[in-house]
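One structure is given here, and the rest of the page talks about it.
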Amino acid sequence: MERRELLAAVAASTSLAVAGCSGVEDGSFEFDAKPASIPAAAVTEAGYEGESPQSFTIDERLEASGVNVEVSATTWLAGYENPDNGSAVFVASTPDGKVAGQSVNPLVRADEGDLIRRLVEQVNQRDVGGGGTEIKADDIKDVGSETRTILGEEVEISILETTIDAEVETGDGQSSEVEGVPVYLYVGTVQHEEDVIAIVGVHPTEIDASESVLSLMEQVEH
């Protein structure tokens, strides 16, 4: 299984880099993704709660081979959570812009370890599974894959196992910390039009929620 193909466009990377820009004149480049999301009816039917895609922009001034380049990339992210079992699905659309024939998406060129670290950073920042959730970057193992059809393409979805620390509601208006909860992560990416769509699902290993997570991933629209 090619991890690079599966994780190459996890949304909202913390930096952008341009490689092989020799011959490009100084200038600025703007890349805007088109939002991706899961239909509201499908979200409700599966027992999830969702939000409209939210955008954010990463601006970088870069220098490559003596060439100054300003890059602005707008990414969209939507999240859906099942409050009854702690499962969640996140959908990100990130622009696959190119400068001098090279993608400005750093994840295309990242090595395997860096791809996983970037994935974990973004899941933590977006609070997958609820407020206070933290996925351990050094405790991830590959447990398999499954092929599903997403946006008309056959996509190999990587299945990973890890643990999370989470802050959960106790029902009396208070919250408590739960540590070391085993979870499965589902990660798939697909190129669609000029964007790369990254989809991340998660659920506790003790909950049989794989089919609902995978089904929602299949229903992504862009």
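Note that this is a predicted model, so its numbers are computed, not measured.
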Inset, instruction - Verify, without hydrogens or angle tests, whether W76 (side chain) and A33 (backbone) share a donor-acceptor contact under 3.5 angstrom. - result: yes

Inset, instruction - Decide whether I159 and V190 are clustered together by the hydrophobic rule: side chain heavy atoms of Ile, Leu, Val, Met, Phe, Trp, Tyr closer than 4.5 Å, transitively. - result: yes

Legend entry - Min side-chain heavy-atom separation E221-P39 under 4.5 Å: yes

Inset, instruction - Go through the structure and list residues passing side-chain contact (heavy atoms from CB on, under 4.5 Å) with T44, not counting sequence neighbours. - result: none

Inset, instruction - Give the C-alpha distance, both sets of side-chain angles, the deciding distance and a yes or no for side-chain hydrogen bond (donor to acceptor under 3.5 Å, both in side chains) between T147 and E154. - result: CA-CA 6 Å; T147 301; E154 294 295 302; 5.6 Å; no

Legend entry - Any V181 side-chain heavy atom under 4.5 Å of T163 side chain: no

Legend entry - Residue pair T162, K141: steps toward the side-chain contact (heavy atoms from CB on, under 4.5 Å) verdict: CA-CA 7 Å; T162 186; K141 75 177 177 179; over 6 Å; no

Inset, instruction - Return the set of residues passing side chain to side chain donor-acceptor pair (under 3.5 Å) with E146 (not counting sequence neighbours), or none when no residue passes. - result: R148

Legend entry - Heavy-atom pair of closest approach, residues V213 and G201: CG1-CA, 3.8 Å

Legend entry - Spatial distance of atom CD (E81) from atom CD (E49) [nearest 0.5 Å]: 7.5 Å

Inset, instruction - Is it possible for you to say whether L151 and L214 belong to one hydrophobic cluster, with membership spreading through side-chain heavy-atom contacts below 4.5 Å? - result: yes

Inset, instruction - Start with the C-alpha distance between S145 and E156, add both sets of side-chain angles, then the distance that settles side-chain hydrogen bond (donor to acceptor under 3.5 Å, both in side chains), and finish with yes or no. - result: CA-CA 6 Å; S145 66; E156 186 179 12; 3.0 Å; yes

Inset, instruction - Taking all non-hydrogen atoms of both residues into account, name the closest pair between S87 and P204 and its distance. - result: N-CD, 4.4 Å

Legend entry - E193, CD atom: more than 12 neighbouring heavy atoms under 6.0 Å: yes

Inset, instruction - Please tell me if the side chains of Y48 and L216 come closer than 4.5 Å, counting only heavy atoms from C-beta onward. - result: yes

Inset, instruction - Please report the shortest heavy-atom distance between V202 and Y186, naming the atom on each side. - result: N-CD1, 4.5 Å

Legend entry - Flag side-chain contact, heavy atom, 4.5 Å: H222 against S93: yes

Legend entry - Counterpart residues, side chain to side chain donor-acceptor pair (under 3.5 Å), relative to Y80 (two or more places apart): none

Inset, instruction - Check whether any side-chain heavy atom of V187 lies under 4.5 Å from a side-chain heavy atom of I199, and answer yes or no. - result: no

Inset, instruction - Rounded to the nearest 0.5 Å, what's the gap from CG on D142 to OG on S158? Could you check? - result: 4.5 Å

Legend entry - Set of side chain to side chain donor-acceptor pair (under 3.5 Å) partners for S215, sequence neighbours left out: Q219

Inset, instruction - Could you list the residues that satisfy side-chain contact (heavy atoms from CB on, under 4.5 Å) with Q191, not counting sequence neighbours? - result: D96, V196

Legend entry - Nearest non-hydrogen partners of A46 and N82, listed with the distance: O-ND2, 3.8 Å

Inset, instruction - Flag the pair V220 / I197 as yes when at least one side-chain heavy-atom distance between them is below 4.5 Å, and no otherwise. - result: yes

Inset, instruction - Any pair with a residue in residues 32-41 that passes side-chain hydrogen bond (donor to acceptor under 3.5 Å, both in side chains), sequence neighbours left out, goes on the list, sorted by first then second residue, please. - result: D32-T74

Inset, instruction - State, with a plain yes or no, whether a side-chain heavy atom of V89 is found less than 4.5 Å away from one of M217. - result: yes

Inset, instruction - Taking the side chain as every heavy atom from C-beta outward, state whether L77 and V91 have any atom pair closer than 4.5 Å. - result: no

Legend entry - Considering all heavy atoms, the nearest G47-P83 contact: O-CD, 3.9 Å

